[in-house]
Amino acid sequence: MIYLDNSATTIPEKEVAQEVYKMLTENFGNPSSFHRAGLDAYASLKKARQSVANALSCEEEEVYFTSGGTEANNLAIMGAAEAMKRRGRRIVTTAIEHESVMQTLDELEKQGFEIIRLMPDKAGNISKSQLAGAINSDTVLVTVMYVNNEVGSVMPVEFIKKAVQRANSPALIHIDCVQAFGKIPVKPSKLGADLVSVTAHKIHGPKGVGALYVKKGVRILPLLFGGEQEKKLRPGTEAIPLIAGFGTACDMIGDYATLAQHMHEINAYARQKLGGIDGVKIHSDENASDYIINFYVPVFMTSQTVVQHLSSKYGICISNGSACAKGKKSHVLTAMKLPDKEIERSVRVSFSRHTEKADVDALIHALKETVENYN
């Protein structure tokens with residue numbers, strides 16, 4: 001199998017799986033218990049929290065574990081809106097956020113919040129001027145993803161803090177860093193963020209665990225009730241095996257400069273090879289993340305059929321968009337105002353640090369045959 005769907009999930013590292021197994025079979029105590037097994041589990045929890053904090057260049061006490069990026073996004077947005085609602089009703093976001101952000105904001109809109117959804121250009125980019133024009137003194141939350149999960153466009157998130165200050169706004173700043181974390185440096189203090197969402201399974205960790213960074217001194221309200229865990233912001237017995245695996249994955253991120261060079265070479269090579277297939281059109285901007293390329297395939301099949309065809313015949317795994325969308329028409333490509341024909345026949349390849357040029361060669365061979373046979 002050639003796996004090129006790393007924006008959906010990554011293959012867990014062997015060391016991560018070993019750590020999860022160890023926690024399940026040896027260090028299985030409840031970290032809230034005061035006996036030896038509980039204290040051992042608590043030590044592992046604390047170690048993992050420090051590993052995530054190190055990866056975020058933040059303090060350990062600013063990291064709160066969740067069940068994944070979706071819960072982290074929900075907690076950040078709903079928690080911030082509830083805590084800030086007496087200071088304003090406007091929330092600024094984009095029209096190309098992840099479903100977990102979009103649907104949460106849809107719910108807040110029903111509750112009377114004003115949701116400003118900024119539209120991207122044809123390359124999937126949002127401008128600084130759009131952000132500056134949308135944020136006003138009534139804005140209580142700005143929630144924008146760092147890297148788009150479908151086309152890889154990089155949002156000007158570092159500008160948000162300046163725009164909030166210029167508008168004399170009380171807004172909290174939330175950045176969904178799920179597709180950025182572990183791939184490029186994510187430092188909440190440098191980004192000017194109050195809240196940052198990350199998850200383990202995009203960085204070769206286990207599924208079912210993520211984290212929310214909450215800046216020291218920032219107050220948001222919980223969604224769940226019933227325990228003292230995570231300082232009551234996210235109560236419930238911690239999923240220690242998954243959390244420990246998350247910590248291990250963070251420890252294995254490696255040197256960003258070396259990683260960036262490898263990924264840029266893979267991306268450039270893939271773009272060059274895709275350019276050699278007649279009719280293929282790349283949607284991802286040249287300045288997009290090197291981990292993602294979204295492109296149109298000139299065949300009569302829909303993108304979902306192309307994905308299934310490449311998997312069944314060639315053993316190649318790619319995607320027709322966000323895994324969380326379950327095959328629905330891409331809201332990202334729609335917001336970019338691409339023609340329906342292109343949207344229906346566009347696919348996404350997404351790389352990891354383990355992707356090699358040979359993987360790209362196999363993809364190109366399969367695509368060429370598919371275009372020749374089904375155009």
Side-chain angles (χ1 to χ4, degrees), residues 1-18 20 68-69 98 147-152 178-184 198-210 242 245-246 248-250 252-254 258-274 277 280 282-284 288-295 297 301 303-327 330 346-370:
M1 182 178 71
I2 294 172
Y3 189 76
L4 296 172
D5 193 19
N6 292 279
S7 287
T9 198
T10 53
I11 302 171
E13 297 286 4
K14 181 180 179 180
E15 293 87 344
V16 169
Q18 289 173 336
V20 172
H98 187 267
V147 174
N148 182 265
N149 57 308
E150 290 196 37
V151 296
V178 165
Q179 294 294 344
F181 181 63
K183 301 172 184 178
I184 57 177
V198 297
T199 197
H201 76 105
K202 311 293 188 183
I203 62 164
H204 305 280
K207 300 171 188 64
V209 61
L242 303 180
F246 190 7
T248 300
C250 287
M252 297 181 69
I253 288 172
T258 302
L259 186 59
Q261 181 178 352
H262 174 68
M263 299 315 305
H264 185 70
E265 290 175 358
I266 291 295
N267 184 279
Y269 185 74
R271 284 176 178 268
Q272 176 193 353
K273 293 295 184 178
L274 285 169
I277 303 176
V280 164
I282 296 176
H283 300 311
S284 297
S289 167
D290 283 329
Y291 287 82
I292 298 172
I293 303 179
N294 189 296
F295 57 94
V297 183
M301 298 185 289
S303 58
Q304 190 168 341
T305 305
V306 171
V307 168
Q308 294 168 340
H309 173 71
L310 293 184
S311 177
S312 61
K313 183 171 182 178
Y314 300 98
I316 298 174
C317 298
I318 65 171
S319 172
N320 61 318
S322 171
C324 292
K326 295 282 188 179
S330 168
S346 291
V347 297
R348 177 191 70 187
V349 296
S350 45
F351 312 121
S352 81
R353 61 189 180 222
H354 298 304
T355 305
E356 301 293 342
K357 289 182 179 180
D359 300 322
V360 176
D361 289 336
L363 170 69
I364 297 303
H365 170 74
L367 283 172
K368 282 184 175 179
E369 286 196 350
T370 300

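None of the values given here were measured: they were computed from a predicted structure. Throughout, numbering of the chain's residues begins at 1 and tracks the sequence.
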Could you state the interatomic distance from CG (N6) to CD1 (I292), rounded to the nearest 0.5 Å? 10.0 Å
How many angstroms lie between atom CE of M1 and atom CG of D359, to the nearest 0.5 angstrom? 10.5 Å
Considering only heavy atoms from C-beta outward, does the side chain of L367 approach that of L310 to under 4.5 Å? yes
Partners of V178 by side-chain contact (heavy atoms from CB on, under 4.5 Å), sequence neighbours excluded? D176, T199, K202
What I'd like to find out is whether the side chain of T355 reaches to under 4.5 Å of the side chain of L4, using heavy atoms alone. yes
Checking Q304 side chain against N320 main chain: does a donor-acceptor pair fall under 3.5 Å? no
Heavy-atom side-chain proximity of K313 to T370 below 4.5 angstrom: no
How about D5 and R348: do any of their side-chain heavy atoms sit closer than 4.5 Å? yes
Starting at NE2 of H365, measure out to CD1 of I316 and round the result to the nearest 0.5 Å. 8.0 Å
Minimum heavy-atom distance V360-A270, with the two atoms named: CG1-CA, 3.7 Å
Residue pair I282 / F295: nearest heavy atoms and the distance that separates them: CA-CB, 3.9 Å
Walk me through whether D290 and I266 qualify under side-chain contact (heavy atoms from CB on, under 4.5 Å). CA-CA 8 Å; D290 283 329; I266 291 295; over 6 Å; no
Of all heavy-atom pairs between A249 and I203, which one has the smallest distance, and what is that distance? CB-O, 3.7 Å
Do the side chain of S350 and the main chain of Y291 share a donor and acceptor less than 3.5 angstrom apart? no
What's the separation between atom NE2 in H309 and atom CD1 in I318, rounded to the nearest 0.5 Å? 10.5 Å
Once you round to the nearest 0.5 Å, how far does NE2 of H283 lie from CD1 of I293? 12.0 Å
Would you mind reporting whether H204 and M252 have side-chain heavy atoms less than 4.5 Å apart? no
Between Y269 and D361, a side-chain donor and acceptor under 3.5 Å: yes
Taking every heavy atom of A8 against every heavy atom of H201, the minimum-distance pair comes out as O-CE1, 3.0 Å
Using every non-hydrogen atom in the two residues, find where N267 and S289 come nearest and quote the distance to one decimal. ND2-O, 3.9 Å
Residues in side chain to side chain donor-acceptor pair (under 3.5 Å) with S330, at least two apart? E150
If you look at every heavy atom in G245 and P206, which pair is closest and at what distance? C-CD, 3.8 Å
Step-by-step side chain to side chain donor-acceptor pair (under 3.5 Å) determination, H354 to E13: CA-CA 10 Å; H354 298 304; E13 297 286 4; 2.8 Å; yes
Just jot down the side-chain contact (heavy atoms from CB on, under 4.5 Å) partners of S311, sequence neighbours excluded, or say none. none
Counting C-beta onward and ignoring hydrogens, is there a side-chain heavy-atom pair between T9 and Y3 closer than 4.5 Å? yes
About how many Å separate CZ of F351 and NE2 of H262, when rounded to the nearest 0.5 Å? 9.5 Å
